[in-house]
Number of protein chains: 2
Amino acid sequence: MRIRDEKKESLIKQKAIEMIVKHGFDGLSMQKLAKAAKVSPATIYIYFKDREDLIETISVEEVNTMTELTLKGFSPDMPFEKGLKKQWNNRAAYWINNPVQARFMEQVRFSPIGQKVHCKIKQEFSNIMREFVGNAIRNKELIPLQTEVFWSVAYAPLYQLIKFHLDGRGMHNESFQLDTKTLNTAFKLVIKSLKP
Amino acid sequence: MRIRDEKKESLIKQKAIEMIVKHGFDGLSMQKLAKAAKVSPATIYIYFKDREDLIETISVEEVNTMTELTLKGFSPDMPFEKGLKKQWNNRAAYWINNPVQARFMEQVRFSPIGQKVHCKIKQEFSNIMREFVGNAIRNKELIPLQTEVFWSVAYAPLYQLIKFHLDGRGMHNESFQLDTKTLNTAFKLVIKSLKP
DNA sequence: TTTAAGTGAATGATTGTTCACTTAAATTTG
DNA sequence: CAAATTTAAGTGAACAATCATTCACTTAAA
């Protein structure tokens with residue numbers, strides 16, 4: 001039996017992400033993708049059921065990879081401020097070091113595909129976050145809040161800063177680059193609002 | 001000379017938005033759109049140069065409409081907290097009352113088209129915001145901050161809450177609906193972090 | 001020899017766009 | 001006032017190109 005060339009599969013995935021980031025979902029055609037990955041169109045269908053399955057599989061994989069890295073060195077038992085900072089740093093590092101994947105996930109998240117993908121993501125992350133927030137409130141390091149309010153205040157500013165960074169420009173169209181100092185300034189503001 | 005049936009134009013636009021929201025940019029084909037709007041495919045090309053122009057035009061229009069409504073009853077001379085609250089309410093009202101347009105803009109914003117659209121949006125809004133923030137800092141109602149940090153802390157939480165609302169579910173997959181009370185809670189947290 | 005990986009060419013369907021044409025309203029002419 | 005003319009709106013059928021997918025076939029490893 002001939003063995004699978006796993007390099008082919010990952011090259012297909014990588015090229016698919018690149019094409020979507022560059023030209024949107026419109027820009028991903030199976031034949032162009034085959035050409036870019038230097039395989040036959042039929043080869044893609046060995047690894048993926050169809051176009052939809054390809055996009056969905058890649059999306060779920062990318063989200064899970066990011067989630068995993070977000071939790072690196074993090075524990076829900078950490079003191080609130082330290083834990084939140086860890087997550088901010090992990091997220092910022094991942095998005096900034098992987099801008100192509102970042103844009104891909106952004107695009108998936110805010111498209112009809114995002115809904116489908118959402119259901120297939122590991123629930124582990126959600127549970128860990130719930131524990132982290134629960135601990136922080138119990139220890140009176142965090143004011144009691146609805147999960148969604150907490151999430152919005154605690155993380156949305158970070159994602160907006162990263163969005164500015166990825167776009168390469170800020171509010172008034174001047175160029176913008178996210179650095180540690182800016183990140184810390186924003187983080188302190190967030191902590192100020194969340195601490196009792 | 002035969003006159004333009006403006007109902008046709010707006011129906012084309014509306015159906016285009018609906019199709020994109022439902023099926024993504026992939027789902028917008030000119031022939032399907034023509035069928036949905038009950039016109040000939042050729043008619044669409046009377047109003048728009050090509051598919052790209054169609055999407056771009058609609059995007060710019062929608063963003064400008066939203067921006068206009070965001071500034072309703074707002075003035076950069078307002079006291080900081082009052083002005084920010086006004087904008088939060090205006091934004092929340094628009095996005096919640098126009099969920100289809102909201103999803104459309106979301107999708108545009110986080111796709112390669114977003115970049116092109118960005119350049120063609122009225123600069124008026126950006127200038128008014130700059131004035132508002134400048135005033136607030138001068139009056140010591142707002143701590144001095146980089147524009148992007150201010151924007152991230154002041155508005156990103158609102159948009160995240162709206163996103164939860166549009167998705168219809170929150171962090172842990174329970175159903176979620178944004179109400180005035182939740183909005184106010186989040187707003188107070190934001191104010192707490194931004195006030196000197 | 002067996003088995004699955006991998007292929008290039010071909011499938012019919014659908015794509016964005018155009019073109020020769022008809023229709024209707026405004027304007028000019030008688 | 002009405003008939004003739006002009007002008008642009010609007011059309012359905014058609015275009016080549018491209019689409020996702022398949023199939024008969026070859027290749028390579030167990």
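Computed over heavy atoms, backbone and side chain alike; hydrogens, waters and symmetry mates excluded. The chains referred to below are lettered A, B, ... by the order of the sequence lines, with proteins before strands, and numbering in each begins at 1.
Nucleotide C:dT14 holds its C1' atom 14 Å from the CG atom of B:L28, rounded to whole Å. What separates CZ of B:F25 from P of C:dG16 is a distance of 14 Å, to the nearest Å. For the pair A:D5 CG and D:dA29 P, the computed distance is 10 Å after rounding to whole Å. Going from atom CD1 of A:I12 over to atom P of C:dA5 covers 12 Å, rounded to whole Å. As rounded to whole Å, 17 Å separates atom P of D:dT18 from atom CG of B:D26. Remark: P of D:dC19 and CD of A:E52 are 18 Å apart, rounded to the nearest angstrom. Rounded to whole Å, the distance from CE on B:M30 to P on D:dA13 is 19 Å. One atom, CD of B:E9, and another, P of D:dA8, lie 17 Å apart when rounded to the nearest Å.
Using cut-offs of 30° and 60° for the angle between ring planes, the A:W151 and A:F125 rings count as perpendicular.
On a pure distance criterion of 3.5 Å, no polar donor-acceptor pair joins the side chain of B:S40 and the base of D:dG10. Applying the 3.5 Å distance criterion, the base of D:dT7 shares no donor-acceptor pair with the side chain of B:R2.
Cation-pi check for A:R109 over B:F110 is not met; the charged atom does not lie both under 6.0 angstrom from the ring centroid and within 45 degrees of its normal. Because its NZ or CZ atom is not both nearer than 6.0 Å to the ring centre of B:Y47 and within 45° of the ring axis, B:K8 does not count as a cation-pi partner of that residue.
Looking only at distances, no side-chain donor or acceptor of A:T182 sits under 3.5 Å from a matching main-chain atom of A:L178.
Between B:E56 and B:K120 there is a salt bridge, since a side-chain N of the basic residue sits under 4.0 Å from a carboxylate O of the acidic one. In summary, A:E68 and A:K72 do not engage in a salt bridge, as defined by a charged side-chain N under 4.0 Å from a carboxylate O.
Stem list for DNA chain D (at least 3 consecutive Watson-Crick or G-U pairs, distances under 3.5 Å): C:1-30 with D:1-30.
For B:P41 and B:R4, each mapped to the nucleotide of DNA chain D holding its nearest heavy atom, the one lying further toward the 5' end belongs to B:R4. Both B:Y45 and B:I3 lie near DNA chain C, and the one whose nearest nucleotide falls closer to the 5' end is B:Y45.
Side chain of B:I46, nearest nucleotide from D:dG10, D:dT22, D:dA20: D:dG10. Side chain of B:Q31, nearest nucleotide from C:dG6, D:dA14, D:dA20: D:dA14. When distances are taken from the side chain of B:T43 to each of D:dT11, C:dG16, D:dT21, the shortest belongs to D:dT11.
Between B:K32 and the phosphate of C:dG16, there is no side-chain N or O to OP1/OP2 separation shorter than 4.0 Å.
In this structure, B:R130 and A:H172 have side chains that are in contact, with non-hydrogen atoms separated by less than 4.5 Å.
Among the protein residues, A:F48 comes within range of no part of the nucleic acid, since none of its heavy atoms lies under 4.0 Å from any strand. Nucleic acid contact for B:I44: none, since no nucleic acid atom lies under 4.0 Å from a heavy atom of the residue. Within 4.0 Å of A:S29, counting heavy atoms only, lie sugar-phosphate atoms of the nucleic acid but no base atom.
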- Message: What verdict does the side chain to side chain donor-acceptor pair (under 3.5 Å) test give for A:Q87 and A:R91, after you've listed the backbone C-alpha separation in whole Å, the side-chain angles of each residue and the deciding distance to 0.1 Å?
- Response: CA-CA 6 Å; A:Q87 288 223 359; A:R91 279 162 211 265; 2.6 Å; yes

